[in-house]
Amino acid sequence: MNQTINLSLSSDEIEMLVDALEADMEGYVESAKEARGNGNRDEVKTFTEAATRIQTLMSKLQDLVEG
């Protein structure tokens, strides 16, 4: 499933993806906070990992636009 895909996007399209990912990441961060408040360590770990993976992808995309 970790297949590399080549894709051509405009800088505007990349910025749209970054915006969508940012909104998605915020949802995971909020879910992690709620899970932490409920003492559910497994969910905290899952949501935190998801937010971290999204942040990594966002950084890669932002580097393409800023570079």
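Computed from a predicted structure; not experimentally measured.
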Participant: Taking only residues two or more places apart in sequence, or in another chain, which ones meet Glu49 in a side chain to side chain contact (heavy atoms under 4.5 Å, CB included)?
Facilitator: Lys45
Participant: Among Asn40, Thr46, Asp42, Thr48, exactly one meets side-chain contact (heavy atoms from CB on, under 4.5 Å) together with Val44. Which residue is that?
Facilitator: Thr48
Participant: Going from CG on Leu17 to CG on Leu9, what distance comes out if it is rounded to the nearest 0.5 angstrom?
Facilitator: 6.0 Å
Participant: To the closest 0.5 Å, what do you measure between CD (Gln62) and CD (Glu15)?
Facilitator: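 It comes to 9.5 Å.
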Participant: Please determine whether residues Met16 and Val65 belong to a single hydrophobic cluster, defined as Ile, Leu, Val, Met, Phe, Trp and Tyr linked transitively by side-chain heavy-atom distances below 4.5 Å.
Facilitator: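 No, no single cluster joins them.
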Participant: Side chains of residues 54-61: which donor-acceptor partners sit under 3.5 Å, not counting sequence neighbours?
Facilitator:
unit_1 : atom_1 : unit_2 : atom_2 : d
Gln55  : NE2    : Ser59  : OG     : 3.4
Thr56  : OG1    : Thr52  : O      : 3.0
Ser59  : OG     : Gln55  : O      : 3.1

Participant: Which donor-acceptor pairs under 3.5 Å do side chains of residues 18-35 form with protein atoms, sequence neighbours excluded?
Facilitator:
unit_1 : atom_1 : unit_2 : atom_2 : d
Ser31  : OG     : Gly27  : O      : 3.0

Participant: Would you kindly confirm whether Ile14 and Leu7 end up in one hydrophobic cluster when ILVMFWY residues are joined by side chain heavy atoms under 4.5 Å apart?
Facilitator: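 Same cluster: Ile14 reaches Leu7 through Ile, Leu, Val, Met, Phe, Trp or Tyr contacts under 4.5 Å.
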